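What follows is one structure encoded as structure tokens, with my remarks underneath.
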Amino acid sequence: MPTDSPAIPDQDAARLQRMRSLVEDINMRVIRLALALDVQLQNEADVKRVLARRTVAVAVETDRRTNSDSEKSRQWEELRALLVLRYELETRYVDQVGVGATRQILIDVEEHLVDKGFKFGDDGIGIDLNSLFKPS
């Protein structure tokens, strides 16, 4: 009598892998932006400064300096948006797969980034692991 039971774990594993991949893609972009903007994301105060930072949209002119300012402004906006997106994603993941699985996804991603040569917390996710997902 055939059953579909083996397919469920494979589907769950594939879903968790997609979740991991999405978080890793976001974190890699966060790291690249933080490096380009010379900003640290090692603690909660650093992340709060980034989120609170206001940038003024600069009109694009032919002047190189203005184009550079416009690009920096766009990068700041993108960095803030990605940090907010990641937080929202983590919240959704907790609702969908639970705290334990979400914490493991974040740990796996962070370990993979460290294996690639980045420091723990370069992406600001160490804050999430330390304050939001403390083991009981």
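All values reported here derive from a predicted model rather than from experimental measurement.
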Is there a side-chain contact between Leu51 and Lys48 in this structure, where contact means two heavy atoms from C-beta onward sitting under 4.5 Å apart? no
Under 4.0 Å between a Lys/Arg side-chain N and an Asp/Glu carboxylate O for Glu71 and Arg74? yes
Between CZ on residue Arg86 and CG on residue Asp123, distance to nearest 0.5 Å: 5.5 Å
Excluding sequence neighbours, so at least two apart, what forms salt bridge (Lys or Arg N to Asp or Glu O under 4.0 Å) with Lys119? none
Those residues that, when tested against Gln96, pass side chain to side chain contact (heavy atoms under 4.5 Å, CB included) (two or more places apart): Arg15, Met19, Arg92, Tyr93
Separation between CD1 (Ile105) and CD (Glu110), nearest 0.5 Å, reads 14.0 Å
Dump the intermediate steps for side chain to side chain contact (heavy atoms under 4.5 Å, CB included) on Val50 and Arg53, then the final yes or no. CA-CA 5 Å; Val50 170; Arg53 181 179 165 83; 5.7 Å; no
About how many Å separate CD of Glu90 and OG1 of Thr102, when rounded to the nearest 0.5 Å? 8.5 Å
Main chain of Ala36, side chain of Lys72: is a donor-acceptor contact present, judged purely on distance under 3.5 Å? yes
Partners of Glu111 by salt bridge (Lys or Arg N to Asp or Glu O under 4.0 Å), sequence neighbours excluded? none
How far apart are the C-alpha atoms of Val39 and Leu79, what are their side-chain angles, what is the distance that settles it, and do they pass the side chain to side chain contact (heavy atoms under 4.5 Å, CB included) test? CA-CA 10 Å; Val39 65; Leu79 179 58; 3.9 Å; yes
Roughly how far, to the nearest 0.5 Å, is the OG atom of Ser70 from the CD atom of Gln75? 10.0 Å
For Leu82 and Arg29, work out which heavy atoms get closest and say how close. CD1-CG, 3.4 Å
Those residues at least two apart in sequence (or on a different chain) that pass salt bridge (Lys or Arg N to Asp or Glu O under 4.0 Å) with Asp108 are Arg20
With side chain to side chain contact (heavy atoms under 4.5 Å, CB included) as the test, would you mind laying out the steps for Asp46 and Arg49 before giving the verdict? CA-CA 5 Å; Asp46 292 339; Arg49 267 193 300 278; 2.5 Å; yes
Any idea which heavy atoms bring Val114 and Phe120 closest together, and the distance? CG2-N, 3.9 Å
Rounding to 0.5 Å, atoms CG (Asp38) and CG (Leu33) come to a distance of 13.0 Å
Would you say Gln42 and Asp122 are linked by a side-chain donor-acceptor pair, where the criterion is simply a distance under 3.5 Å? yes
Please name all residues satisfying side chain to side chain contact (heavy atoms under 4.5 Å, CB included) with Leu35, sequence neighbours left out, ordered by chain then number. Ile31
When rounded to the nearest 0.5 angstrom, what distance separates NE2 in His112 from CG in Asp115? 6.5 Å
Who passes salt bridge (Lys or Arg N to Asp or Glu O under 4.0 Å) against Arg32, sequence neighbours left out? none
